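Since the structure comes first, as structure tokens, the remarks are kept for the end.
The sequence lines fix the lettering, A, B, ..., with proteins before strands; numbering per chain opens at 1. In this text, all values refer to a predicted model and were calculated from it rather than measured experimentally. Excluded from the calculations below are hydrogen atoms, water molecules and symmetry mates; all remaining heavy atoms, backbone and side chain alike, are included.
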Amino acid sequence: MSFYRTHHCAELRRTHADGDVTLSGWVASRRDHGGLVFVDLRDREGLTQVVFDPKELPGAHALRSEDVVRIRGRVAPRPPGTANPKLATGEIEVHASALDVLNRSETPPWPLDEENVNEDLRLQYRYLDLRRPAMTKNLRLRHAATSAVRAHLDGEGFVEVETPMLFKSTPEGAREYLVPSRVHPGRFYALPQSPQQFKQLLMVAGIERYYQMARCFRDEDLRADRQPEFTQVDLEMSFIEREDLYRLIEELMQRVWKTALGADLSAPFPRLSFREAMDAFGTDKPDRRYGMRLTDLTETFRASAFKVFAGVVATGGVVKAINVKGFADATQSQMDALTEQAKAAGAKGLAWIKAEGGTWKSPIVKFFNDAEKAALAERLQIEEGDLILFAADSWLSACETLGKLRAALAETLQKLGKLSLPKDVWDFLWVVDFPLMTFDAASQRHVSTHHPFTAPVAEDVPLLKTDPTKVRGQHYDLVLNGVELGGGSIRIHQPEVQRMIFEDVLKIPKDLSDSRFGYLIRALGFGAPPHGGIALGFDRLCAILCGAESIREVIAFPKNAKAQDLMTDSPGEVEPRQLRDLRLQTAKPQP
RNA sequence: GGUCGCGUAGCUCAAUUGGUUAGAGCGCCGCCCUGUCACGGCGGAGGUUGCGAGUUCGAGCCUCGUCGCGACCGCCA
């Protein structure tokens, strides 16, 4: 029998009555009645009420929040009328016969049952923050998700392989954390942004099915859903097509949701092409839990007397609109905010109609003829109380503008109580058929939309040399409730195709592509199997499982928005000797 | 780097139009209390209103600067 405990603090029931028990844990609260002291004893499982007779155990008076104690005593049913239905152990209490104070606690810097506390303080005393049942629950839910991922992939024949943390710098993409080499002065390792190249090399190695709970690093500015180090469920498979991967991930998500939440997800998840997603939602990560879909009105206004719309259509642009149901009562400042957001998204202005008081209030509706008005009413299903917002621009800009407004409006309407999203709806979908290449106006060359290892859709390959932006990539994004959970692709496995992408399409000079990716192209030349994979942002996934706003709520020791660890005060300074060993000098900050 | 928001007791927040000695709840300290579970009662300590300057007879409140934190934009192949 354990010295410290016979039971945990959520375990005892009426059936344990008259049993002698030992409990250990923290003092969650103390209610001192003078001649009788109640203490709620907390461990990671829950609370048990312990009753002290201070004539027997005078030390009970001195107990304070977060003291660590061991108590021995006898389980007793609570007197009639004093049971606490809010506690799992509320039918019983433990009458203490012995009290050992194992460790005293300083007064906590904030009451641990206070939810709404300055995050600085929580991060500085993260070990106290994590004692709170809400945080314990998050960590354990995350563990359940991790276990489910491992169990499922193990069952599918995957092998977990660790790849190097000390990698080399590949300047494309996110800024990297550099690690100076002591052995090779002036040279640097880089921490991996993802194990992308290693997992492809493992496919060449014949592993066939690889996965890893991979820690990744990116030295970019932080957000509520971005940390400098984060975790991906990273996997790669050989001899698969896209559909094989979709099925695997759908079953994996079903397993995770079942294990972590007891929820059943329906599969297959819907697939939307990039074009369909942009057309209907104005984003490549649509949240379909609410409406406000984009309606195309290009044909309606092709010959319109309203030159702003007709002119855009004449130059190949589009006119699109969304119907914001029940928001015709938007205030002037709300309309101003929407206009600002539209401008921030690249629009020149924001045209609108308010269906209010039986008429249409709008600065532009006077330019519309009856046929155009009728078409609007019909296509947008306009009813009293609706607010219509227009965008007229190139297809992509118009879609993106309305997409950003749609997302912002969903947030606003929720705050106003005009829109509510059910908590237990899991809107998974695949977004597919992304363009393989995007033309970057700044550098006047094509850049990979995803990464340069993505295979083109087979039938589009002839377009690679003539019109690269028309080529669809075998890339896929997994989206959940408007959050990009992850993405992946079928990879290029033929060295000549990979070389052509680097040199002919991306126009990377041969010596540069050789030095950066030569080993990968060489590896592909030794019988690389067809392969593909995906990486899922595990922190985001866990945040959604936990219903958390920020991934900091599901990471034990996260960094703040300035990438600092407030508990250990890192990053910190180092000894001059360490810098000498590394042949490093720090430049004085510019005045 | 930019925009916006916040900063008052250990914590969460108040403080009328710029007006007396900056308050409350929780927590903390002391005393009392045998059925509480947000225990209760009495008493007490605790403040450079982030920091600095300015306007004013007078600033927690207005202005400017600065620092800290957060959200967003840029960035994140």
Side-chain angles (χ1 to χ4, degrees), chain A residues 28-42 47-56 60-62 64-66 76 78-87 89-90 93 95 106-125 128 170-176 193-194 196-197 216-228 230 337 340-341 343-346 404 407-408 411 434 436-438 440 443 446-454 473 475 484 487 489 501-502 506 508 516-517 535 537 549-550 552 559-562 564 566:
Chain A
S29 74
R30 151 189 122 268
R31 295 176 291 281
D32 190 338
H33 290 229
L36 185 71
V37 179
F38 298 98
V39 164
D40 288 338
L41 191 65
R42 186 194 71 238
L47 292 178
T48 298
Q49 173 164 284
V50 182
V51 186
F52 294 88
D53 176 355
K55 287 195 289 292
E56 306 276 330
H61 286 309
R64 293 294 181 272
S65 290
E66 301 308 315
R78 294 201 186 183
T82 65
N84 184 347
K86 285 186 244 170
L87 284 185
T89 57
E93 59 197 13
H95 292 188
E106 300 284 331
T107 300
W110 80 93
L112 295 193
D113 56 2
E114 174 66 60
E115 275 291 319
N116 180 27
V117 174
N118 188 345
E119 199 175 3
D120 274 15
L121 204 62
R122 293 177 53 202
L123 291 175
Q124 192 184 343
Y125 296 91
L128 294 180
T170 55
E172 284 78 17
R175 190 180 301 117
E176 299 166 315
Q193 303 167 35
S194 80
Q196 179 62 34
Q197 293 171 52
C216 306
F217 304 87
R218 289 178 192 176
D219 187 6
E220 298 289 353
D221 284 358
L222 283 70
R223 289 285 188 281
D225 62 353
R226 279 171 15 196
Q227 283 274 305
F230 59 100
E340 280 307 307
Q341 280 164 335
K343 284 183 178 168
K404 284 175 182 164
E411 214 165 292
F434 285 83
L436 186 66
M437 299 288 164
T438 313
D440 180 44
S443 60
H446 290 96
V447 294
S448 296
T449 307
H450 179 46
H451 62 50
F453 316 113
T454 301
H475 173 71
E484 183 189 331
S489 61
I501 295 280
F502 280 138
L506 295 175
I508 299 175
R516 283 192 195 149
F517 304 112
E549 292 290 322
S550 161
R552 292 190 295 268
K559 311 277 190 286
N560 70 2
K562 296 281 189 298
Q564 297 163 308
L566 296 177

Assign [X] to base, sugar-phosphate, or nothing according to its heavy-atom contacts below 4.0 angstrom with the strands shown.
X	value
A:Asn118	sugar-phosphate
A:Thr449	sugar-phosphate
A:Arg175	nothing
A:Pro109	sugar-phosphate
A:Leu47	nothing
A:Asp120	sugar-phosphate
A:Gln564	sugar-phosphate
A:Asn84	base
A:Asp113	nothing
A:Lys55	base

Listed nucleotide nearest any side-chain atom of [X], set [options]:
X	options	result
A:Pro79	B:C11, B:A71, B:G35	B:G35
A:Ala174	B:C76, B:U36, B:G1	B:C76
A:Pro111	B:G10, B:C69, B:C76	B:G10
A:Arg218	B:C75, B:C76, B:C33	B:C76
A:Arg78	B:C37, B:G35, B:G27	B:C37
A:Arg552	B:G1, B:A71, B:G35	B:A71
A:Glu220	B:A71, B:C11, B:C76	B:C76

Open item on the list: According to a cutoff of under 5.5 Å between the ring centres and under 30° between the ring planes, does A:Trp110 stack with the base of B:C11?
Closed with: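 No; centroid distance or tilt outside limits.
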Quiz item: With stacking defined as ring centroids separated by under 5.5 Å and planes differing by under 30°, is A:His33 stacked against B:U36?
Solution: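 No; centroid distance or tilt outside limits.
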*Distance, C1' atom - from B:C6 to B:C61, rounded to whole angstrom*: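 Comparing C1' positions in B:C61 and B:C6 gives a spacing of 15 Å.
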Mind checking the P distance from B:G52 to B:G68? Whole angstroms is fine.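 Between the two P atoms, the distance is 16 Å.
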(request) Could you check how far CD of A:Glu340 sits from C1' of B:G2, rounded to whole Å? (result)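 Rounded to whole Å, this separation is 14 Å.
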Q. What integer distance in Å separates A:Asp53:CG from B:C33:C1'?
A.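 In whole Å, B:C33 C1' and A:Asp53 CG are 14 Å from each other.
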Please tell me if [X] has a side-chain N or O lying less than 4.0 Å from either OP1 or OP2 of [N].
X	N	value
A:Arg223	B:G70	no
A:Asn116	B:U12	no
A:Lys86	B:A38	yes
A:Arg31	B:U36	no

Practice prompt. Could you say whether A:Glu114 or A:Phe453 is positioned toward the 5' end of RNA chain B, judged by the nucleotide with the nearest heavy atom to each?
Written response: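 Closest to the 5' end, via its nearest nucleotide, is A:Glu114.
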With nearest nucleotides of RNA chain B determined for A:Arg64 and A:Gly35 from heavy-atom distances, which residue corresponds to the more 5′ nucleotide?
->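 Checking each residue's closest nucleotide, the 5'-ward one belongs to A:Arg64.
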Can you check side-chain hydrogen bond (donor to acceptor under 3.5 Å, both in side chains) on A:His61 and A:Asp32, steps first, answer last? CA-CA 7 Å; A:His61 286 309; A:Asp32 190 338; 2.8 Å; yes
field: Pair partner, B:U8 [Watson-Crick or wobble, under 3.5 Å]
entry: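 Its partner: none found.
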Practice problem: Would you please classify the geometry between the A:Phe502 ring and the A:Phe453 ring as parallel, tilted or perpendicular, with 30° and 60° separating the classes? | Solution: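 It falls in the perpendicular class, over 60°.
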